[in-house]
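Following: one structure in structure tokens, then a few remarks.
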Amino acid sequence: MGPRSKRSTPAPASDEFLRFTSSVAFDYKLWRYDIAGSLAHAHTLAEAGVITSRDFDKISAGLKSIAVDLMNGRFEFDSASEDLHMDIEKTLTERIGDAGAKLHTGRSRNDQVALDMRLYVRDSIVDLIERIVLLQETIVRMAAETTDVILPGYTHLQHGQPVLLSHHLLAYFWKLERDIERLSDCYNRTNVSPLGAGALAGTAFPIDRTLAAKMLRMHGVTENSLDSVSDRDFAAEAAFAASMLSIHLSSFCEELIMWSSQEFRFIHLPKELSGGSSMMPQKLNPDIPELIRGKSGRVLGGLVAILTLLKSLPLAYNRDLQEDKENLFDVFDTVGASLHALTHFLAELEFNEVRMRESAEVGLMTATDLADFLTTRGMPFRAAHGLVKELAELADGDDKKFRELAMDKLAVQSKKLESGDLDFLALEGSIEKRTAEGGTAPEGVAQQKEKATSSVAKNRALIKSMRFQTSVVDELLSQPSGASNSSVVGNDPVLDAR
Ligand code: ARG
């Protein structure tokens with residue numbers, strides 16, 4: 001018998017092995033950022049005299065011709081490439097010869113991919129904020145159209161106190177407002193250039209890293225080369241902000257789903273945007289909110305996958321990081337699609353105001369108001385609470401009986417009752433009393449609506465300033481070769497003031 005082969009299993013088929021290691025099947029989505037980043041890197045090299053301006057012109061023209069082909073769908077990614085960075089560089093060198101082979105001087109795919117991901121996240125955040133603002137506007141419009149509609153307010157999904165529907169809807173506005181703040185904070189931390197970090201230790205070429213950052217309209221450069229290539233905390237943070245947003249959408253959808261059920265009947269589902277049953281002819285199903293609720297699971301999965309892949313990575317770059325992409329792409333795509341679907345769904349939705357009112361008349365919803373009233377007449381709140389609790393038990397869920405018992409009790413407890421004193425026992429009276437800032441009283445809700453409207457205007461300005469930065473990628477790709485680079489750097493009033 002001959003010597004045993006050391007390898008007990010056959011070597012994997014090479015194309016399966018390539019499919020396992022290659023990222024080109026998904027990282028091709030980064031091509032715009034990759035080419036813009038390469039243009040910025042080449043510019044930095046040329047400014048430092050590392051490559052000649054002739055080589056720079058060739059590189060620039062070559063990269064832009066690749067961009068044109070990509071935009072027109074004429075560029076075929078090679079599935080045999082390890083990743084898009086290799087593929088684009090190979091094509092560049094095929095097109096322009098030796099100059100193409102100089103592009104990667106002083107650069108590694110490690111700082112290159114970190115840059116591409118930052119540019120992708122920056123862009124995707126703005127897309128998301130834009131969609132959130134459209135949803136916010138829809139909510140403000142709905143709140144304005146339903147100012148006098150009352151529905152039950154719940155805790156533990158039990159009737160608690162009556163609230164205005166506009167107040168209920170605006171609650172989601174402020175959740176979305178914080179989602180925008182989180183995304184915008186993340187944007188600022190993401191918007192710095194890692195180029196020049198090289199593979200891990202920095203570059204030995206005398207380049208000015210800030211040139212590339214300026215050209216890409218980023219706030220500045222990263223401080224430490226090891227940190228620059230090893231972390232994807234900005235991606236995890238973006239995935240968290242998107243997950244929180246997705247949870248907000250899911251909760252909102254959960255309410256819409258309940259409200260559409262025969263038990264609630266608070267809304268009429270829009271026919272064109274609802275599903276049916278293949279068997280039960282009468283069915284109208286809240287498919288869109290259900291899908292948004294369901295898709296939030298995928299988004300959270302993406303966040304957990306990104307966090308988990310970062311856990312325990314030693315410095316500096318590790319190939320594990322390649323696994324950030326599909327997860328993050330899916331997170332942004334899914335939340336973006338959910339926002340779009342919900343905004344359209346809400347625009348078509350009709351409220352059953354009569355049914356909301358009927359429902360709010362049930363469940364002794366003004367019991368707290370009665371206790372509050374007794375407190376204003378000198379009874380300690382705990383005692384008032386106990387007394388009203390007894391009345392509630394006596395009434396045994398009968399709202400009419402509760403009101404009668406309350407009147408009798410008040411006639412004994414509170415002498416000198418004036419007309420209007422007991423208005424709070426009606427739903428409107430209860431709502432009108434909640435005047436402290438942030439409460440459901442109509443004036444407060446009107447103020448909230450004004451604040452919400454100015455937040456929308458502020459958010460629009462934020463988007464504009466972010467778009468000035470992110471749009472540089474397309475500007476760089478479409479600018480004719482040979483045009484002066486300084487013209488693309490531009491002046492951002494917001495940036496310059498920093
Ligand atoms: N495709 C890799 C990624 O997405 C980048 C390449 C880095 N590879 C390497 N051998 N250093 O993370």
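Counting starts at 1 for both ligands and their atoms, following the listed order.
The nearest non-hydrogen atom to atom 6 (C) of ligand 1, considering only V113, D83, L30, V24, comes from D83.
Heavy atoms of N110 found under 4.0 angstrom from ligand 1 belong exclusively to the side chain.
Inclusion of Q322 in the set of residues having an N or O under 3.5 Å from an N or O of ligand 1 is warranted. For ligand 1, the polar-atom distance check finds an N/O of K325 within less than 3.5 Å of one of the ligand's N/O atoms.
For the atom pair L135 CG and T343 OG1, the distance stands at 4.0 Å (nearest 0.5 Å). Rounded to the nearest 0.5 angstrom, T470 OG1 and I125 CD1 are separated by 11.0 Å.
No donor-acceptor pair under 3.5 Å is formed between the side chain of N72 and the backbone N or O of D69. Checked by atom type and distance alone, the side chain of D27 pairs as donor or acceptor with a backbone atom of L84 at under 3.5 Å.
The single protein non-hydrogen atom nearest to atom 10 (N) of ligand 1 is R109 NH2, 3.4 Å, given as residue, atom name and distance. Of the protein's non-hydrogen atoms, the one nearest atom 3 (C) of ligand 1 is Y317 OH, 3.2 Å.
The atoms of ligand 1 that sit less than 4.0 Å from any heavy atom of S23 are 1 (N).
Relative ring orientation between Y172 and F252 is described as parallel, the plane-to-plane angle staying below 30° on a 0-90° scale split at 30° and 60°.
Donor-acceptor pairing under 3.5 Å is lacking for the side chains of R298 and S246.
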